[in-house]
Amino acid sequence: MAIKFGRPIESKVRFAPVEAEQARRGGFSLDLTVRPRRNRRTEWLRRMVRENVLTADDLIWPLFLIDGERKRIPIASMPGVERISVDEAVREAERAAKLKIPCIALFPYTDPALRCEVGAEALNPDNLVCRAIRAIKKEVPDIGILCDVALDPYTSHGHDGLLRDGEILNDETVEVLVKQALVEAQAGCDIIAPSDMMDGRVGAIRRALDAQGRTDVLIMAYAAKYASAFYGPFRDAVGSAATLSGDKRTYQMDPANTDEALREVEMDLAEGADLVMVKPGMPYLDVLRLVKDTFAVPTFAYQVSGEYAMIMAAAGNGWLDGEKAMLESLTAFKRAGADGILTYFAPRVAEKLLRHA
């Protein structure tokens, strides 16, 4: 009989005379050759045949920075997540290293007094992110550091690019983003991650890095970044929610599109991206799978702030088991093809995995 994915194409359930006799006596047995439940019978067996395994190596931990010393300010819309000062970020980097988390991602909450129309603070070599990079690399040199390249934490209007008469300027923005990327690379950043969604920014950044001899600095392109409703808590965390004018639909992708995502990824790879990302995560697992299957390159997903907040809110109200939902959601990324996940659950997951190692 033909078999597809381990299942008989035609039904093989039949009743033999002995089964009819058993049924009359109150017993029942199917004459089955294939019983998939055999592989699920015990914990050790389930582990042995598991197709996808989540490890600490899969995690990137996003951290939110704030000016000052010994500061930890809770973010109301993201329970368990805080804005932290540079000295506290160093402590968290040490924690990440002990938990075998390979990489952290840094996002700044910029003092409103330092925000302006053109996001000039992004180019300050002594800005909050650059100070954090240097401090972390001094104390925890072996931890990877990923830095966002976009202007929204620095602009007074909350957009990722330069704004003129209500329009986001593509080429002029790319010129500024290149300078921002160089400033972060000079501070010691390992992975430059352009999240702005301007056309041509990956190629421009790669050329500038190479021209400075920084050929070892990686680029993780936010290649398929959608104009999503799931970013709200993040914008609270970096302080752009209150200042954002309009929306970002003229540069972030339409949530209805998948073919466009493949074109975006293809372009970013051609321009020199080493790693690509799909953002948000769970609502776009189909896109993640398509990207991985099509290009077979290191592919990452961002479990964004809204996804995290939903799980935490439901768990806080007793509507679901938060621990199980956390692990199941991250395993879904692995199943869909992710090589790694940016997630605010990173330290909790890593601690749990370490306990059960």
Just list the side-chain donor-acceptor pairs under 3.5 Å for residues 212-219, sequence neighbours left out, or say none.
from	atom 1	to	atom 2	distance (Å)
Gln212	OE1	Gln186	NE2	3.2
Gln212	OE1	Arg214	NE	3.3

Between [X] and [Y], is there a side-chain N and carboxylate O pair less than 4.0 Å apart?
X	Y	result
Glu92	Arg72	yes
Arg263	Glu266	no
Arg348	Glu323	yes

Do [X] and [Y] come close enough that some side-chain heavy atom pair is under 4.5 Å?
X	Y	answer
His159	Lys248	yes
Val34	Pro36	yes
Val304	Glu307	yes
Val118	Thr155	no
Thr343	Leu330	yes
Gln180	Glu184	yes
Val349	Met326	yes
Thr173	Asn170	no

What is the distance from atom [atom1] of [X] to atom [atom2] of [Y], rounded to the nearest 0.5 Å?
X	Y	atom1	atom2	result
Trp61	Cys103	CH2	SG	12.5 Å
Leu63	Ile136	CG	CD1	7.0 Å
Ser195	Arg201	OG	CZ	8.0 Å
Asp199	Glu271	CG	CD	8.5 Å

Check residues 47-58 and write down every donor-acceptor pair under 3.5 Å in which the side-chain atom is one partner and the other belongs to a residue at least two apart or another chain.
from	atom 1	to	atom 2	distance (Å)
Thr55	OG1	Asp57	N	3.2
Asp58	OD1	Lys334	NZ	3.0
Asp58	OD2	Thr55	N	2.8

Any cation-pi pair here, Lys279 with Tyr302, using under 6.0 Å and within 45°?
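Checked: cation-pi criterion met.
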
- Assess Arg115 against Tyr109: is NZ or CZ under 6.0 Å from the centre of the six-membered ring, and within 45 degrees of the ring's axis?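 Flagged: Arg115 positioned over aromatic ring of Tyr109.
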
Looking at [X] and [Y], what are the two nearest heavy atoms and their distance?
X	Y	answer
Asn257	Met253	O-CE, 4.1 Å
Pro298	Asp339	CA-OD2, 3.3 Å
Asp87	Ser85	OD1-OG, 2.5 Å
Thr258	Val287	CG2-CG2, 3.9 Å
Tyr154	Asn127	OH-ND2, 4.1 Å
Ala273	Leu269	O-CD2, 3.6 Å

Out of curiosity, does [Y] fall in the hydrophobic cluster containing [X] (side-chain heavy atoms, cut-off under 4.5 Å, transitive links)?
X	Y	result
Ile66	Val129	no
Met312	Ile73	no
Leu162	Leu114	no
Leu285	Val276	yes
Met310	Phe333	yes

Is the count of non-hydrogen atoms from other residues, nucleotides or ligands lying under 6.0 Å from [X] atom [atom1] greater than 12?
X	atom1	value
Arg41	CZ	no
Glu69	CD	no
Glu328	CD	no
Arg46	CZ	yes
Arg35	CZ	yes

Using a 3.5 Å distance criterion without hydrogens, assess whether the side chain of [X] forms a donor-acceptor pair with backbone atoms of [Y].
X	Y	answer
Asn317	Trp319	no
Arg289	Arg335	yes
Tyr308	Pro79	yes

- Looking at Ile84, Val90, Val86, which one forms a side chain to side chain contact (heavy atoms under 4.5 Å, CB included) with Glu88?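 Among Ile84, Val90, Val86, the one that satisfies the side chain to side chain contact (heavy atoms under 4.5 Å, CB included) with Glu88 is Ile84.
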
Checklist line | Leu99 and Arg95: CA distance, side-chain angles, deciding distance, side chain to side chain contact (heavy atoms under 4.5 Å, CB included) verdict | finding: CA-CA 6 Å; Leu99 292 171; Arg95 181 185 174 199; 4.0 Å; yes

query = Which ILVMFWY residues are connected to Leu244, directly or by a chain of links, through side-chain heavy atoms under 4.5 Å apart?
reply =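 Hydrophobic cluster check, Leu244: no partners found.
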
- Query: Does Arg207 have any salt bridge (Lys or Arg N to Asp or Glu O under 4.0 Å) partners at least two apart in sequence or in another chain, and if so, which?
  - Reply: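 None.
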
- Item | Residue list, salt bridge (Lys or Arg N to Asp or Glu O under 4.0 Å) with Asp190, at least two apart or on another chain |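 Checked Asp190 against salt bridge (Lys or Arg N to Asp or Glu O under 4.0 Å); matches are Lys137.
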
Do you see a donor-acceptor pair shorter than 3.5 Å between the side chains of [X] and [Y]?
X	Y	value
Ser329	Gln303	yes
Asp236	Ser77	yes
Thr110	Glu121	no

Before giving the answer on side chain to side chain contact (heavy atoms under 4.5 Å, CB included), spell out for Arg131 and Asp67 the whole-Å C-alpha distance, their side-chain angles and the decisive distance to 0.1 Å.
-> CA-CA 10 Å; Arg131 295 201 310 272; Asp67 269 314; 2.3 Å; yes

Non-neighbouring partners of Phe234 that pass ring pair (Phe, Tyr, Trp, His ring centres under 6.0 Å), sequence neighbours left out: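 Partners of Phe234 by the ring pair (Phe, Tyr, Trp, His ring centres under 6.0 Å) criterion, ordered by chain and then number, come out as Phe64, Phe107.
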
